[in-house]
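Input: a single structure, listed below in structure tokens.
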Amino acid sequence: MQEDMGRATTFGTWLRKFKWIQSSREQTLRAESRLLALSGCELPLKQKDTFIHNGKDFLHSIEGGKADGPPLVYLPGYGAGVGFFFRIIKGLCAGWHVYCVDLLGTGLSSRPKFSAKSTEEAENFFIDSLEEWRKARQLDTFILVGHSMGGYLAGCYARKHPDRVRHLVMVCPAGIGEKPKDWSPPDVVKSPWTMRGQLYRLATRLWNSGVTPGVFVRGIGPWGPKMVSGYTSRRFSVGHHLSDDEIDAFSEYMYGILSAKGSGEYALRHILEPFAYPRCPLEYRLDTINVPISFIYGKQDWMDPKAAQRLIQRIQNNREKILEGDMDLNTTENAGHFPFLDQPGEFLRGMVSVCGSHLSEKGIQSVLEAADEFPLEDSSAIDTKSEMQKEMKSNPAAAEAHIATDL
């Protein structure tokens, strides 16, 4: 009898797993609201959907800040969303009027079919929809900030619409430097007859075929939430100094955006090669841009700031400095690829350093006071440049998967 009950319990457990219901947009919106509640921002924050493409699509945003503050548009990275900025939203709103925007096909924005077949088409999928959003919101000019892949796309937007961008700030941007001409796969994977060699080739084929982290999360069904929760706990509790409440809300939020219908995520293979080398490097496309441009990197960031330094040198060969902070490269101490999560206070000070010229003295003081609420943490984040280099040598396939989740 007890054995029969045990079998029934086991069967019931499996049955509940197969009754799993994928996360809804409403659940993800609630998770985003939880993150905003944890931000400590006293100014009202609005979660807003702005319709574009004659009402067929919409871009989701979080908005708030000083009514008379200079407008600042912030774009998140690949596989991320505007909720990732919850630790700095209070500080940004203290000086600027902030619009954190989920690009089309990502985050909580609408998810139309992605049909781009080239790098240019993939870039325009995001750039043209952002321009429609700008028109709908009646923004004339603004400071444009982007993190990682969002930084790359911010650069593409500024290149196409320079008259709309007061200042371009690229945070740990992807896609700046070209692949070294002498680059070759690590020795450990060169042989196709080893397990690591096979895994490396499989990972490369999956990347070039358009298989993304979101595909995996959706594909494993009821096991997706646990996988994402485990990832966020390992990734963001150590080094990023998040509390249990923040990790819980962050896990639910991240699962919601990763498990949503695939759309903008499929741009990855068109914009970047495996190991995140750009197919059309920005260091040769932004050198003539007549817009103030600045960079912020985490000191332990696995993205290489040398490419940004080369780009700055090329710009200096073409024009003079436009304003204070133009062509500056700021480094966030004790931070990796997510400096705004690792060290929010230091990151906010970096923002004042590179684009504080757009703020009043009172605005600068308000941002710095918000930054002082986050003392510099002694330990740096996990997933640093040295660890990524080590992983590249020992297990390039894992490094490739790691890169895809970080962009």
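Heavy atoms only: backbone and side chains are in, while hydrogens, waters and symmetry mates are out.
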Test your reading of the model: is there a side-chain donor-acceptor pair from [X] to the backbone of [Y], 3.5 Å cut-off?
| X | Y | result |
| --- | --- | --- |
| N290 | P162 | no |
| S39 | K90 | no |
| H270 | A116 | yes |
| R159 | I289 | no |
| R310 | G177 | no |

So with a 6.0 Å cut-off around [atom1] of [X], is the heavy-atom count from everything else above 12?
| X | atom1 | value |
| --- | --- | --- |
| E120 | CD | no |
| E324 | CD | no |
| D244 | CG | no |
| N318 | CG | yes |
| K179 | NZ | yes |

Taking the inter-plane angle between the rings of [X] and [Y] on a 0 to 90° scale, is it parallel (under 30°), tilted (30 to 60°) or perpendicular (over 60°)?
| X | Y | answer |
| --- | --- | --- |
| H147 | F340 | perpendicular |
| F250 | F86 | tilted |
| F84 | F338 | tilted |

Less than 4.5 Å apart, side chain to side chain, heavy atoms only: is that true for [X] and [Y]?
| X | Y | value |
| --- | --- | --- |
| L72 | M351 | yes |
| L75 | F126 | no |
| R285 | C156 | yes |
| S61 | R137 | yes |

Quick check for you: to the nearest 0.5 Å, what is the distance between L108 atom CG and E26 atom CD?
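Result: 9.5 Å between the selected atoms.
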Just how far is it from atom OG1 of T332 to atom CD1 of I296, taken to the nearest 0.5 Å?
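One finds 6.0 Å between OG1 of T332 and CD1 of I296.
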I'd like to know if E346 pairs up with K299 as an ion pair, taking the criterion as any Lys NZ or Arg NE/NH1/NH2 lying under 4.0 Å from an Asp or Glu carboxylate oxygen.
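Salt bridge absent between E346 and K299.
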Qualifying residues under side-chain hydrogen bond (donor to acceptor under 3.5 Å, both in side chains), relative to K321, sequence neighbours excluded:
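Once residues adjacent in sequence are excluded, K321 has no partner under the side-chain hydrogen bond (donor to acceptor under 3.5 Å, both in side chains) criterion.
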Go through the structure and list residues passing side-chain hydrogen bond (donor to acceptor under 3.5 Å, both in side chains) with Y157, not counting sequence neighbours.
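If we apply the side-chain hydrogen bond (donor to acceptor under 3.5 Å, both in side chains) test to Y157, skipping adjacent residues, the hits are E131.
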Does either side chain, that of D102 or that of S109, offer a donor lying less than 3.5 Å from an acceptor on the other one?
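Their side chains do not contain a donor-acceptor pair, so the 3.5 Å distance test is not met.
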Is there a side chain to side chain contact (heavy atoms under 4.5 Å, CB included) between L311 and F295 once you walk through the steps?
CA-CA 11 Å; L311 173 55; F295 297 86; 3.7 Å; yes
Evaluate the criterion salt bridge (charged side-chain N to carboxylate O under 4.0 Å, His left out) for residue pair K160 and E123; output intermediate values, then yes/no.
CA-CA 11 Å; K160 192 170 184 177; E123 291 173 356; over 6 Å; no
K48 and E63: salt bridge (charged side-chain N to carboxylate O under 4.0 Å, His left out), yes or no, with the steps?
CA-CA 7 Å; K48 186 174 180 63; E63 303 176 11; over 6 Å; no
Worked verdict on V228 versus S259 for side chain to side chain contact (heavy atoms under 4.5 Å, CB included):
CA-CA 10 Å; V228 173; S259 64; over 6 Å; no
Testing the basics here: between [X] and [Y], what is the closest heavy-atom pair and its distance to 0.1 Å?
| X | Y | value |
| --- | --- | --- |
| C355 | W96 | SG-CZ2, 3.8 Å |
| L359 | G95 | CD2-O, 3.3 Å |
| T119 | C280 | CG2-SG, 3.9 Å |
| Q47 | L29 | NE2-O, 3.4 Å |
| R218 | L258 | NH1-O, 3.2 Å |

Before you tell me yes or no, could you show the steps for T212 and E265 under side chain to side chain donor-acceptor pair (under 3.5 Å), namely the whole-Å CA-CA distance, both residues' side-chain angles and the distance that decides it to 0.1 Å?
CA-CA 7 Å; T212 67; E265 68 194 68; 2.4 Å; yes
List the steps, then state whether salt bridge (charged side-chain N to carboxylate O under 4.0 Å, His left out) holds for R349 with D372.
CA-CA 9 Å; R349 293 184 188 94; D372 288 340; 2.8 Å; yes
F142 and H97: aromatic ring centres closer than 6.0 Å?
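Not close enough - the centres of the two rings lie 6.0 Å or further apart.
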Can you tell me which residue among Q316, R314, R319 is in a side-chain hydrogen bond (donor to acceptor under 3.5 Å, both in side chains) with D287?
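Going through Q316, R314, R319 one by one, the side-chain hydrogen bond (donor to acceptor under 3.5 Å, both in side chains) with D287 is satisfied by R314 alone.
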